[in-house]
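As structure tokens, the structure follows; a few thoughts come after it.
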Amino acid sequence: MNWRSISLVAGVGTLIGGVATFSYGGPTLSWLGWTLILFGAAASILGLVPEQLLTVFKIPELRKKIFITLIFLAVYRIGYYVPLPMIDQAKMAEKMSAAQRGALGQVLGFVSLFSGGNLSNACIFSLGIMPYISASIIIQLLSSGVVPSLEKLRKEGESGRKKLNELTRYLTVPICIVQAIMVVQAVMKPEASDGSGMGLAPEGYNAGFELWWFGFTAVITLTVGTVFLMWLGEQIDEYGIGNGISLIIMAGIVSRIPDAVNMLLIDSSTGKIKDSVFTLGGAGADITFEKLIVLAFLFVVVVVGVIAMTKAQRRIPTQSAKHVRGRRVYGGTRQFLPMKVNAAGVMPVIFASTLLIVPGLLFNAIYSFSDSSWAGTLSSVFNNHSGWVYNFGYVVMIYVFTYFWVAITFNPKEIADNLKDHGSFIPGYRPGKKTADYLERVLMRVTFVGAAFLAIIAIIPNVISNEMGVPLVVASYFGGTGLLIVISVALDLVQKINSHLVMRNYPGLTDES
């Protein structure tokens, strides 16, 4: 028996011990259960992983990059245990838990999920990386033909890209200050009946100069925290492996898995596994054994489908012109122009989610001030994620933003001009306008399929939460923004690791052994 078999047997045994601890232990032993499960999962994975994954650690340079990346991500996670000064964290968590049931909670949950931040507790990294992402989106939109000078920088290659990144960093700071002021104001504002404030200003700091000083230091702390995360992502880009900002967002999403598992399987009153998990049948929101099997099957199916659609592309054949020089013929090779089915990525889902939150907030505010019955009805309709009105609007907005994002990021005329300048053409179509028209037609058809894929993935959590009685926090891992981000970042990381392996004549992670 080799060491991998021993690791697998030990891992399975430790996992069984962890499950038994949750079943027969109490809240005081929950830490032991999680420890056994984590060690058991790590040992089981080590025994089951293919040989290519172990090869990663045989390359000194790659091993160093991976360890540096893990260290930076550990520093990022430690920041969540550094709270803002003079705030009652227990009261903050209680307020945020109550707010999650309303429209404000949807906004905060969405921001926390996408930014990799955590607005449920007041820590130095509460804003996460969202201000930098907002600045990146703004610069990308402005450089797509809106501002000629920025568009010129985008076309200048590496030097232009560095200048745009510098502008993005400068724009991050004012955006971060504005968001920090909004968060601090909501935390410090006296508690009101409309839920506009939380009343968490500490005793002695709720008036006068002390209040302004506390607010000023809190805003500066939140701003510096986000700038530090931005710097941390750039260090991962330079010294680690993978895209630093994306890895920070992915780490923030994955870190919520234990909380989701606790909510799904663990009884909060006893700290043990729910009795319903070991039963068949039953109504209500309790998780039963057959529901658990169905959820596991759906998770595998959704993940495989997302991976397939993320990597799917429409290959357009191109032919390079032949050049005769002396007695030799150059060119004439046949290549492909890849056109991704999901060219817009996760951005349409993010835009659609954000825009659909606005009507609920607006009608809720109108209902609070005027007590109009129609506003209350519309507010409940837009806040009901399982209703057909919300889901229909969600799908429509995803289609709209998918075509919008593809239109500003993929320019058929520019692609056609580049093909013409490099002496290439698409067989059957004349270079120039004919080629651009053909690329636009193909792009419209491919984008329709990509938008349908995004719409299905986006509404899966709402359907699972409504039909199976699963909490929306748990159902969000079966689709939506979080799953798309995690899978796209994981695929990008695997691709970068493969490039290091192939360069040293090792088989890639996705190659058959």
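In what follows, residues are counted from 1 in the order of the sequence shown. Note that this is a predicted model, so its numbers are computed, not measured.
Contact detail for S143 and R154: the closest heavy-atom pair is O-NE, 2.9 Å. When all heavy atoms of G244 and D237 are compared, the closest pair comes out as N-OD1, 2.6 Å. Between K340 and T310 the shortest heavy-atom distance is CE-O, 3.6 Å. For the residue pair T69 and G240, the shortest heavy atom distance occurs at OG1-CA, 3.2 Å. Between N243 and D492, the shortest heavy-atom contact is N-OD2, 4.1 Å. Nearest heavy-atom pair across V349 and A458 is CG1-CB, 4.2 Å.
Here the CD1 atom belonging to I59 is positioned 8.0 Å from the CE atom belonging to M503, to the nearest 0.5 angstrom. Remark: E238 CD to I68 CD1 distance equals 10.0 Å, nearest 0.5 Å. Note that CD1 of I249 and OH of Y132 are 10.0 Å apart. Values are rounded to the nearest 0.5 Å. Going from atom CD1 of I66 over to atom CD1 of I497 covers 5.0 Å, rounded to the nearest 0.5 Å. Rounding to the nearest 0.5 angstrom, the gap separating the CZ atom in R169 from the CG atom in L164 is 11.0 Å. A distance of 11.5 Å separates CD1 of I16 from CD1 of I37, quoted to the nearest 0.5 Å.
A side-chain donor from one of N391 and N462 sits under 3.5 Å from a side-chain acceptor of the other.
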Between Q140 and W405, does the side-chain contact (heavy atoms from CB on, under 4.5 Å) criterion hold? Intermediate values first, please. CA-CA 11 Å; Q140 186 170 0; W405 190 259; 3.7 Å; yes
Might you work through the side-chain contact (heavy atoms from CB on, under 4.5 Å) test for L298 and I460, ending with a clear yes or no? CA-CA 10 Å; L298 283 176; I460 281 179; over 6 Å; no
Could you check K496 against I241 for side-chain contact (heavy atoms from CB on, under 4.5 Å), going step by step and ending with a plain yes or no? CA-CA 7 Å; K496 285 182 169 59; I241 187 168; 4.1 Å; yes
Please lay out, stage by stage, how F453 and T402 fare under the test side-chain contact (heavy atoms from CB on, under 4.5 Å). CA-CA 11 Å; F453 154 72; T402 300; over 6 Å; no
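For the pair L127 and L229, the minimum side-chain heavy-atom distance is 4.5 Å or more. In this structure the side chain of I138 reaches within 4.5 angstrom of the side chain of I175, judged on heavy atoms. In this structure, the side chains of I464 and F299 stay at 4.5 Å or more apart for every pair of heavy atoms. E290 has its side chain out of reach of I293: every pair of non-hydrogen atoms, C-beta onward, lies at least 4.5 Å apart. Residues N498 and L501 meet the side-chain proximity criterion, which asks for heavy atoms closer than 4.5 Å. Using a 4.5 Å heavy-atom threshold, the side chains of S126 and L222 count as touching.
Considering L493, V494, I487, V489 in turn, I487 is the only one that fulfils the side-chain contact (heavy atoms from CB on, under 4.5 Å) rule with L491. Of the candidates P174, S136, C176, C176 is the only one forming a side-chain contact (heavy atoms from CB on, under 4.5 Å) with P131.
In this structure, T226 contributes its side chain and I129 its backbone to no donor-acceptor pair below 3.5 Å. At distances below 3.5 Å, not a single donor-acceptor pair connects side-chain atoms of S465 with backbone N or O atoms of P461.
Note on ring orientation: taking the six-membered ring where Trp is involved, the planes of Y390 and Y394 are tilted (angle from 30° to 60°).
Residues F72 and Y76 keep their aromatic ring centres 6.0 Å or farther apart.
Annotation: E234, atom CD; neighbour count of heavy atoms from other residues, nucleotides and ligands within 6.0 Å is above 12.
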